[in-house]
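From a predicted model like this one, the values you see are computed outputs, not experimental measurements.
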Amino acid sequence: MQIKRLIATAVLAVVATAALADVVSSKGKATVKYPEKTASPETKEKAVFSAQMKAIETYFAEAGDSQAENLDAIRDQIKGDPDRFILESTVLAEEDKPDLHQYTTVVRISLNGSNLRNALKKVSATGAVAAGERSQLAFIFVSRQVDTQTTYDARVTKRAIVSVKGHNAESTSEQGTEGESVGRSQVSTNSATKIKASYSGEQAATLEAGGSSMQRSGASTWKLIPSQNLNSIVSQIFKTSGYRVVDAQMVEPMTNGKMKVENVENDYKSGNDLKSATLQNVVAGMRNAGIRYVALGTLDVGQVGRDPATGLQRVSVTVNAKIIDVGQGIPESVAAAGPAQYAGVGPTEEEARTNALKLAAQSVSHDLTSQLANAGLR
């Protein structure tokens, strides 16, 4: 157990260091043709470079559609100066087939995520304008966990039709004798009566049953989880993408009483969507404050479990978010992410939850800003 715990701690240290340095790993495979009898060093070098580019394409593809579109904008930069973006490259496998005149290699590379995003920022719409001309963006992201959950039993209604059939037969017969004898001064009489009766009955019942069952969906309420790092993570990513980020609580006094952060949080305590009145007030308030973009999102924390790989505590977070452009005549959603799920591990439930929230916040913010860049919004 002690050895397992030490290994798990080492794994966490490596993950934490990689996250701090913003280093990501990816694998790629490439095959090249060559005219000579066997693969020359130049051919092998060409194959390795092609495999590295494939690894970069894989990284962007796994990051989502919006990120994959960004690769085309900086592909030439990566090819022109690969060392700026590729920190380390390791050949995992290679195969030379002289009869087919082809050489195949598989590599694993470590990428500098910060340099990739900085390159994307320079070619984006926000990177092409001065800082003062860039749009302001406010966001309200809440992390929450189920507080109460109500489930309902199925309501069953039954209907029955009963039909009854009967048969009754009765017969009665009577037999009797009567006599009289006269003698001297008196008369004597006698009589006898015999009665016979019978009864038979029959009854049959037929039951037809039917009905319906109605199931009512469950209802949940949520409690908000304070996360000190959540706002700073989201804010930093939006800033590095070229947007002027402002705190929603700082904007609130400038909305003429329309937008209230508390009202947004209360709506998210009882459901997944804002009430119509709350959303309209957010839009009106942001317009009053001169804010063009507002990002709204929820990060739902699941139950704690045991990570099978490390034996540590594991917590998953499901995230949903969108960005609304309130500068339009009719506000429209210009970017949306989720539902997407991320997991974090740690020696305690609190640390696992914190790691999962950080990962979810980083991922959804990158996805949203990539969509804005693809759309040319600034």
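- Using a 4.5 Å heavy-atom threshold, the side chains of Val142 and Leu299 count as separate.
- Taking a 6.0 Å sphere around CD of Gln341, one finds it holds more than 12 heavy atoms contributed by other residues, nucleotides or ligands.
- No more than 12 heavy atoms of other residues, nucleotides or ligands shown are found within 6.0 angstrom of CD on Gln249.
- To the nearest 0.5 angstrom, Asn112 atom CG is 8.5 Å from Phe85 atom CZ.
- The local environment of NZ in Lys37 is sparse, with at most 12 non-hydrogen atoms from other residues, nucleotides or ligands closer than 6.0 Å.
- The shortest distance between side-chain heavy atoms of Thr31 and Tyr103 does not fall below 4.5 Å.
- A 4.5 Å side-chain heavy-atom check between Val294 and Leu137 finds every atom pair outside the cut-off.
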Using salt bridge (charged side-chain N to carboxylate O under 4.0 Å, His left out), reason through Glu57 and Arg75 one step at a time and then give a plain yes or no. CA-CA 9 Å; Glu57 289 182 4; Arg75 189 187 300 272; 2.9 Å; yes

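- Ile324 has its side chain out of reach of Tyr293: every pair of non-hydrogen atoms, C-beta onward, lies at least 4.5 Å apart.
- Counting only heavy atoms from C-beta outward, the side chains of Arg144 and Asp300 approach each other to under 4.5 Å.
- Looking only at distances, a side-chain donor or acceptor of Arg306 sits under 3.5 Å from a matching main-chain atom of Gly311.
- You'll find the side chain of Asp96 reaches within 4.5 Å of the side chain of Tyr34, heavy atoms only.
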